[in-house]
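For reference, the structure is listed below as structure tokens.
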Amino acid sequence: MNDLVDLQVNGYAGVDFNAADLTHSAMREACQRLRDDGVVRFFPTVITDDLDGMVGKIKRLSELAESDAFIEECVGGIHVEGPFLNRNRGFIGAHPAEHAFDASVDAAERLIDAGAGRVRLFTLAPEVDGAVRLIARLRDLGIIVAAGHTDASLADLDAAIDAGLQLFTHLGNGCPSEMHRHDNIVQRALARSQALFISMIADGHHVPWFAMQNYLQCIPKERVIIVSDAISAAGLGPGSHRLGGQTVHVDENGAAWMADRTQFAGCATTLRESAQMMLEQDLATEEDLRRWMTANPSRLLDAD
């Protein structure tokens with residue numbers, strides 16, 4: 001598969017897209033490695049930081065795309081994940097909770113302006129104050145809005161969908177390991193999968209394969225999107241790697257952990273490796289994978 005589209009890439013092959021000192025040569029090398037691994041279009045993802053830090057990182061990514069036709073060709077848009085997320089433990093995941101805050105149109109517009117038209121996807125928690133108003137504003141600007149790192153109620157999700165919410169970010173992640181057995185964010189998102197695209201990380205760690213099988217039976221095939229959520233460790237194997245200001249540890253099984261080993265911190269698996277594992281687990285046909293890794297994300301992007 002050589003035409004993959006990845007909506008969530010935090011870094012790749014030793015390059016951290018959340019590094020304040022991201023260089024042209026590093027970005028170009030990461031783009032080439034992604035292209036070599038079959039990804040023709042990807043969304044570098046900037047995660048929660050202090051607002052000025054996020055602005056600087058988005059601006060740098062935009063400048064690098066502006067300066068190099070190859071980078072511009074590879075970067076389908078910038079994905080902003082945060083800072084308007086649920087701050088509670090578990091839901092916040094690997095994002096620094098101290099920098100998460102309620103939705104603000106002014107703050108969002110600062111982030112968008114820094115991208116000079118390249119911010120195309122925004123993940124937020126629909127239950128935070130101001131979220132519905134912000135979703136409507138982002139949609140007016142032609143930006144795709146996703147729910148993620150959220151404990152939104154069904155009413156919150158419905159209000160967000162009415163305002164223009166289109167996607168749910170990495171189902172089964174960005175939530176605590178222990179939740180109500182029935183009324184939880186995974187079940188609520190599945191209940192709205194007729195209205196939302198649902199992205200998932202297929203590495204066998206973020207969602208166990210048996211759970212992935214169940215989710216795939218619930219979500220319409222035309223609504224499934226597989227993302228890598230790759231970090232700088234992707235393609236490098238076990239060891240310590242960087243994600244923004246954090247050190248992430250990749251274990252012998254390929255799982256990427258925060259320093260305290262309580263939460264996953266992105267993914268060390270490439271999208272091509274995910275495709276191969278899904279085939280080996282008999283969870284997908286090649287036709288399914290083309291739909292979930294190329295056609296569906298492209299349809300989401302091109303519909304906007």
Side-chain angles (χ1 to χ4, degrees), residues 6-31 33-34 39 41-68 70-85 87 92-101 103-125 134 138 141 143-146 148-149 169-170 174 227-234 241-248 256 258 265-267:
D6 196 342
L7 300 184
Q8 191 165 8
V9 186
N10 308 285
Y12 209 80
V15 179
D16 181 10
F17 298 150
N18 284 265
D21 58 351
L22 180 62
T23 66
H24 173 267
S25 60
M27 185 66 184
R28 203 174 206 284
E29 174 63 20
C31 288
R33 287 289 299 272
L34 279 153
V39 178
R41 195 162 43 148
F42 74 96
F43 278 46
T45 300
V46 174
I47 68 168
T48 304
D49 194 355
D50 70 84
L51 193 62
D52 288 341
M54 293 183 72
V55 166
K57 294 169 188 178
I58 293 168
K59 183 178 180 181
R60 182 58 179 157
L61 286 166
S62 181
E63 290 171 345
L64 290 170
E66 179 70 27
S67 69
D68 189 312
F70 176 63
I71 296 175
E72 182 82 280
E73 180 182 275
C74 294
V75 173
I78 297 171
H79 178 179
V80 180
E81 188 183 6
F84 316 122
L85 306 177
R87 292 181 286 271
I92 195 65
H95 293 246
E98 66 270 20
H99 294 311
F101 57 97
S104 160
V105 171
D106 289 344
E109 289 182 346
R110 278 194 65 195
L111 298 169
I112 293 162
D113 289 346
R118 293 182 175 84
V119 172
R120 294 198 60 200
L121 174 59
F122 215 114
T123 292
L124 52 74
L134 177 56
L138 292 171
L141 295 172
I143 294 170
I144 298 162
V145 187
H149 293 273
T169 291
H170 54 46
V227 297
S228 70
D229 198 21
I231 60 171
S232 64
H241 306 273
R242 299 300 295 170
L243 174 60
Q246 305 176 70
T247 298
V248 175
M258 292 176 63
C267 181

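In what follows, every heavy atom counts, from backbone to side chain, and hydrogens, waters and symmetry copies are set aside.
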- Query: With no hydrogens and no angle check, do the side chains of T123 and H149 hold a donor and an acceptor under 3.5 Å apart?
  - Reply: no
- Task: Write down the atom of A230, the atom of Y12, and the distance for their closest heavy-atom approach.
- Result: CB-CD1, 4.0 Å
- Take V75 and M27 through the side-chain contact (heavy atoms from CB on, under 4.5 Å) test and state the conclusion after the steps. CA-CA 10 Å; V75 173; M27 185 66 184; 3.9 Å; yes
- T48 meets the side-chain hydrogen bond (donor to acceptor under 3.5 Å, both in side chains) criterion, sequence neighbours left out, with H95
- Side chains of N10 and T45: donor-acceptor distance under 3.5 Å anywhere? no
- Task: Applying salt bridge (Lys or Arg N to Asp or Glu O under 4.0 Å), name anything that partners E29, two or more places apart in sequence or on another chain.
- Result: none
- Kindly determine whether H24 and E63 satisfy side-chain hydrogen bond (donor to acceptor under 3.5 Å, both in side chains), including the steps that lead there. CA-CA 9 Å; H24 173 267; E63 290 171 345; over 6 Å; no
- Message: Checking R87 against E98 for the salt bridge (Lys or Arg N to Asp or Glu O under 4.0 Å) test, could you report, in this order, the C-alpha distance in whole Å, the side-chain angles of both residues, the deciding distance, and whether it holds?
- Response: CA-CA 8 Å; R87 292 181 286 271; E98 66 270 20; over 6 Å; no
- Item | CD1 on I143 to CD1 on I112, rounded to 0.5 Å | 3.5 Å
- Message: Please evaluate residues Q8 and F43 with respect to the criterion side-chain contact (heavy atoms from CB on, under 4.5 Å), reporting the C-alpha separation (whole Å), side-chain torsions for both, the decisive distance (0.1 Å), and the verdict.
- Response: CA-CA 6 Å; Q8 191 165 8; F43 278 46; over 6 Å; no
- Is there a donor-acceptor pair under 3.5 Å between the side chain of K57 and the backbone N or O of N18? yes
- Query: After noting the C-alpha distance and the side-chain angles of S232 and V15, does the key distance pass the side-chain contact (heavy atoms from CB on, under 4.5 Å) rule?
  - Reply: CA-CA 5 Å; S232 64; V15 179; 5.7 Å; no
- Message: Could you check whether D52 pairs with R110 (Lys NZ or Arg NE/NH1/NH2 to Asp/Glu carboxylate O, under 4.0 Å)?
- Response: yes
- Of all residues at least two apart in sequence or in a different chain, which pass the side-chain hydrogen bond (donor to acceptor under 3.5 Å, both in side chains) check with D106? none
- Message: Evaluate L121 against L7 for side-chain contact (heavy atoms from CB on, under 4.5 Å), listing each step before the verdict.
- Response: CA-CA 8 Å; L121 174 59; L7 300 184; 4.2 Å; yes
- Task: Just jot down the side-chain hydrogen bond (donor to acceptor under 3.5 Å, both in side chains) partners of S104, sequence neighbours excluded, or say none.
- Result: none
- Query: Do NZ/NE/NH1/NH2 and the carboxylate oxygens of R118 and E72 come within less than 4.0 Å?
  - Reply: yes
- Task: Please report the closest heavy-atom contact between D6 and S228, naming both atoms and the distance.
- Result: OD2-OG, 2.5 Å
- Message: The criterion is salt bridge (Lys or Arg N to Asp or Glu O under 4.0 Å); which residues satisfy it with D68, sequence neighbours excluded?
- Response: R28
- Query: Residues in ring pair (Phe, Tyr, Trp, His ring centres under 6.0 Å) with F84, at least two apart?
  - Reply: F101, F122
- Query: Is the distance between the ring centroids of F42 and F17 less than 6.0 Å?
  - Reply: yes
- Note: P44 and G77 closest approach over all heavy atoms is CD-O, 3.2 Å
